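Taking it in order: structure first as structure tokens, then the write-up.
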Amino acid sequence: MTNDFTQISCLAGFQGQEVTLAGWLYQSRSSGKIQFLIIRDGTGLCQCILEKGKVSNKLFEQLKHLGQESSLTVTGIIHADERSVGGYELVVTDAEIISVTTDYPITPKSHGIDFLLKNRHLHLRSQRQWCIGKIRHTLIDAIRRFFNDNGFTLIDTPIFTAMAAEGEQTLFEADYFGTPMHLTQTGQLHLEAAAMSFGKVYCFGPTFRAEKSKTRRHLTEFWMVEPEVAFIDLNGLLELAENFVSFIAAKVLQNNKGELETLGANITALEQTKAPFYRLTYTEVVDILTSEKTQKFLTRQLENLQNTKQQLETQIGELENEQKGQIKQWQKDKIAAELIELNAALAELNTKIENNPKHAKLATEFQWGRDLGGSDETIISQMHDKPVFVTHYPKEAKAFYMKTDRENDKVVLNFDLLAPSGFGEIIGGSVREDDYDLLVARIKDYGLDIENYQWYLDLRKYGSVPHGGFGLGVERTIAWLTGERHIRQCIAFPRLMDKVYI
RNA sequence: UCCCCGAUAGCUCAACUGGUAGAGCGAGCGGCUGUUAACCGCUAGGUUGUAGGUUCGAGUCCUACUCGGGGAGCCA
């Protein structure tokens, strides 16, 4: 059946020709003797024009009363028309209704997030979620392409695992025929074993973390790609990471510019995502955070926020006055809708204004040795227009497997990559400890059961080499690329800390 | 886990200091030959999250609970 239908994304090649589209009614408007049906077919949107007299009266009346998301096929001639979504429109000569929908719950008006998540199975059809899905697809394809084209071998690491790698309090427990097991937090440890066989490897799959984190940056189930390379040092890893991120950003820009535009992404900023990225050590970051420059930066930011707040309040005041005046009811309602949006923006601004001094205080009082908090990362990330590497964190703040810097044993050879303009961390990586005795000591220091790590220690016994790798969070990367505020919109069926919808 | 905010029609929201519920969208019907979240007219639609309390009277005040949103800590 599929082969007979023309895809909306390919309409450019069919001007003046008659085609048949198969899809769903995305939206319709009628104006007496003319109807505008917007059809969605999974590849795009197309406005279909229905004129009275050009089709049978029966069909005209049926289509006039057809509910949103009804499925149908439409036949007609394609014309270019800039008034139309997508640039082409179809003048209908015939149509066949496949399935009638009544009372589709998601209307073209605004909805709350709880409602949309409860209806995620339907919300996936919306233009926004569709755009994000297309971008996600490109991103994942680009990730695989990059590693495949650069000599990496894909290794599928297990999801059931006995070991902890990232802190035991964030493990999901599973009952494995009576034996306690965990869902994987990372494929890294197994990947290190594979790297000693293939040299350059990567794994790509779902990852589970039971973090009690109810933020716009956290999911309990997320997708992570992790490369691991034998014979590499920290600089080599940074180069790999910046080439990788530049590549995937470029691919998304190349394939999904339209989707990025629809989503309101900052395309000019993304175009600057080219290696080399900025490089700072943790110690430099601490200096920056506690510097006067940062305080000034935050003060200026606060002033800007307050100015914006004032403008918003003035705007809201004007609208409220307008609303009281002698105007039509529908105009009042339009203003009411605008007010809701403005008030939401105001609430967000207020949160930022409230947080600014707290963040400023946290930054000034920052002491060497602590891990960077979310707000600290945000500040550093806001001060830069390209991704920033932060390297050489204090040993105590990081995982047991990270290699101690032989020139300064207080720090490890690790890095985080912060996406610019306030998006925060998208990559975490490190050189791995390759010395048997040092690794044993670290495992003991962390209070981990050494029995569980025997095979991992073997890797340091039989031909140990300097090696390392990193992990990139797919949903966070999508949030950064698209400018989407919340990570839950960046995966089709999100799993949140205290809520799994469908 | 902690702090702040919220819950009113299918959806998004109104209802000034306590006085018995109101719009838009959506749905149904009608009008309009170029609409872009179209517009105009009519109709239907509610035990105000749950349980108590204060009061002559509670959507509005108080208490507890449930659910949701935002933020913090921790992280990709």
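All figures in this text were calculated on a predicted structure; none of them were measured in a lab. In what follows, every chain begins at residue 1, and chains take the letters A, B, ... in the order their sequences are listed.
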### Message
Taking C11(B) as the reference, what is the distance to A27(B) when you measure between their C1' atoms (whole Å, please)?
### Response
12 Å
### Query
Choosing from C25(B), A37(B), U35(B), which nucleotide comes nearest the side chain of Arg29(A)?
U35(B)
### Task
For Lys358(A), answer base if it contacts any base atom (sugar-phosphate contacts may also be present), sugar-phosphate if it contacts only those atoms, and nothing otherwise; contact means non-hydrogen atoms under 4.0 Å.
nothing
### Query
Any idea which of U1(B), A76(B), A37(B) is nearest the Met497(A) side chain?
U1(B)
### Message
Does Ile426(A) reach a base, just sugar-phosphate, or nothing at all? Heavy atoms under 4.0 Å.
### Response
sugar-phosphate
### Residue Arg488(A), side-chain atoms from C-beta onward, closest of U1(B), G70(B), C75(B)
G70(B)
### Task
Please report, rounded to the nearest Å, how far the C1' atom of A38(B) is from the CD1 atom of Ile34(A).
13 Å
### Query
What is the distance, rounded to the nearest whole Å, between atom CG of Leu171(A) and atom P of C75(B)?
14 Å
### Query
Can you tell which of U36(B), U33(B), A76(B) lies closest to the side chain of Glu425(A)?
A76(B)
### Task
Assess the side chains of Gln188(A) and Tyr401(A): does a donor N or O sit below 3.5 Å from an acceptor N or O?
yes
### Message
I'd like to know if Ser110(A) reaches the base of C25(B) with its side chain such that a donor and an acceptor end up less than 3.5 angstrom apart.
### Response
no
### Distance, rounded to the nearest Å, where Phe36(A) contributes CZ and C39(B) contributes P
14 Å
### Message
Can you check the distance between G6(B) and G46(B), where both ends of the measurement are the P atom (answer in whole Å)?
### Response
27 Å
### Message
How many whole angstroms separate atom CG of Asn355(A) from atom C1' of C2(B)?
### Response
15 Å
### Task
Sort out the partner of U33(B) for me: Watson-Crick or G-U wobble, both distances under 3.5 Å, none otherwise.
none
### Task
Mind checking Arg128(A) for me? I need base, sugar-phosphate or nothing, with any heavy atom below 4.0 Å counting as a touch.
nothing
### Query
Contact class for Gly112(A) vs. all strands (heavy atom < 4.0 Å): base, sugar-phosphate, or nothing?
sugar-phosphate
### Message
Could you tell me how far apart Asp103(A) (CG) and C25(B) (C1') are, to the nearest whole angstrom?
### Response
13 Å
### Message
By the 4.0 Å heavy-atom rule, please label Leu219(A) as base, sugar-phosphate, or nothing.
### Response
base
### Query
Which of these nucleotides, G73(B), C75(B), U35(B), is closest to any side-chain atom of Arg83(A)?
U35(B)
### Task
Remember a base hit wins even if backbone is also touched, and classify Asp416(A) as base, sugar-phosphate or nothing at under 4.0 Å, heavy atoms.
nothing
### Task
For G26(B), give its Watson-Crick or G-U wobble partner with both distances under 3.5 Å, or none.
none
### Task
Scan side-chain atoms only and decide if Tyr456(A) and Glu192(A) contain a donor-acceptor pair under the 3.5 Å cut-off.
yes
### Counter-base of U17(B), judged by Watson-Crick or G-U geometry with both distances under 3.5 Å
none
### Base-pairing assignment for A51(B) (Watson-Crick or G-U wobble, both under 3.5 Å)
U63(B)
#### Entry: Distance-only polar pair, side chains of Gln301(A) and Gln382(A), donor-acceptor under 3.5 Å
yes
### Distance-only donor-acceptor test, His111(A) side-chain atoms vs C11(B) base atoms, 3.5 Å
no
### Task
Look up atom CD in Glu484(A) and atom CG in Leu263(A), then write down how far apart they are to the nearest 0.5 Å.
7.0 Å
### Query
Choosing from G70(B), A76(B), G34(B), which nucleotide comes nearest the side chain of Phe222(A)?
A76(B)
### Message
So that I can tick it off, tell me whether Glu242(A) and Arg279(A) are bridged by a salt bridge, with the cut-off set at under 4.0 angstrom between side-chain N and carboxylate O.
### Response
yes
### Summary
The answer to which of Ser31(A) and Leu362(A) contacts RNA chain B further toward the 5' end, by nearest nucleotide, is Ser31(A)
### Query
Given A27(B), A72(B), A76(B), which nucleotide is nearest the side-chain atoms of Ile487(A)?
A76(B)
### Task
May I ask you to say what Tyr501(A) touches in the nucleic acid, namely base, sugar-phosphate or nothing, with a heavy-atom cut-off under 4.0 Å?
sugar-phosphate
### Query
In this structure, are over 12 heavy atoms from other groups packed under 6.0 Å from His137(A) atom NE2?
no
### Message
With a 4.0 Å cutoff (strictly under), does any side-chain N or O of Gln27(A) reach OP1 or OP2 of U35(B)?
### Response
no
### Task
Write down the distance between CD1 (Ile379(A)) and P (A72(B)), rounded to a whole number of angstrom.
11 Å
#### Entry: Sidechain N-carboxylate O distance under 4.0 Å for Glu425(A), Arg217(A)
no
### Task
Answer with base, sugar-phosphate or nothing: what part of the nucleic acid does Ser30(A) contact at a heavy-atom distance below 4.0 Å?
base
### Summary
Using Watson-Crick geometry (N1-N3 plus N6-O4 or O6-N4) or G-U wobble (N1-O2, O6-N3), each under 3.5 Å, A38(B) is paired with none
### Message
Any side-chain N or O of His79(A) below 4.0 angstrom from OP1/OP2 of G34(B)?
### Response
no
### Message
Regarding Glu89(A), tell me which of base, sugar-phosphate or nothing describes its non-hydrogen contacts under 4.0 Å with the strands shown.
### Response
base
### Message
In this structure, how many angstroms lie between the P atom of G6(B) and the CG atom of Asp114(A), rounded?
### Response
17 Å
### Task
Measure from CD1 on Ile113(A) to P on U12(B) and round the result to the nearest Å.
11 Å
### Query
With distance as the sole criterion, do the side chain of Gln47(A) and the base of U35(B) form a donor-acceptor contact below 3.5 Å?
yes
### Task
Both distances under 3.5 Å, Watson-Crick or G-U wobble: report the partner of G68(B), or none.
C5(B)
### Message
Please compare Lys52(A) and Thr220(A) by the position of their nearest nucleotide in RNA chain B and report the one closer to 5'.
### Response
Lys52(A)
### Message
Classify Thr207(A) by what it touches in the nucleic acid, base, sugar-phosphate, or nothing, heavy-atom distance under 4.0 Å.
### Response
nothing
### Query
Is it true that atom CD of Glu82(A) has more than 12 heavy atoms of other residues, nucleotides or ligands lying nearer than 6.0 Å?
no
### Query
Across the strands shown, which category fits Ile38(A) at heavy-atom distances under 4.0 angstrom: base, sugar-phosphate, nothing?
nothing
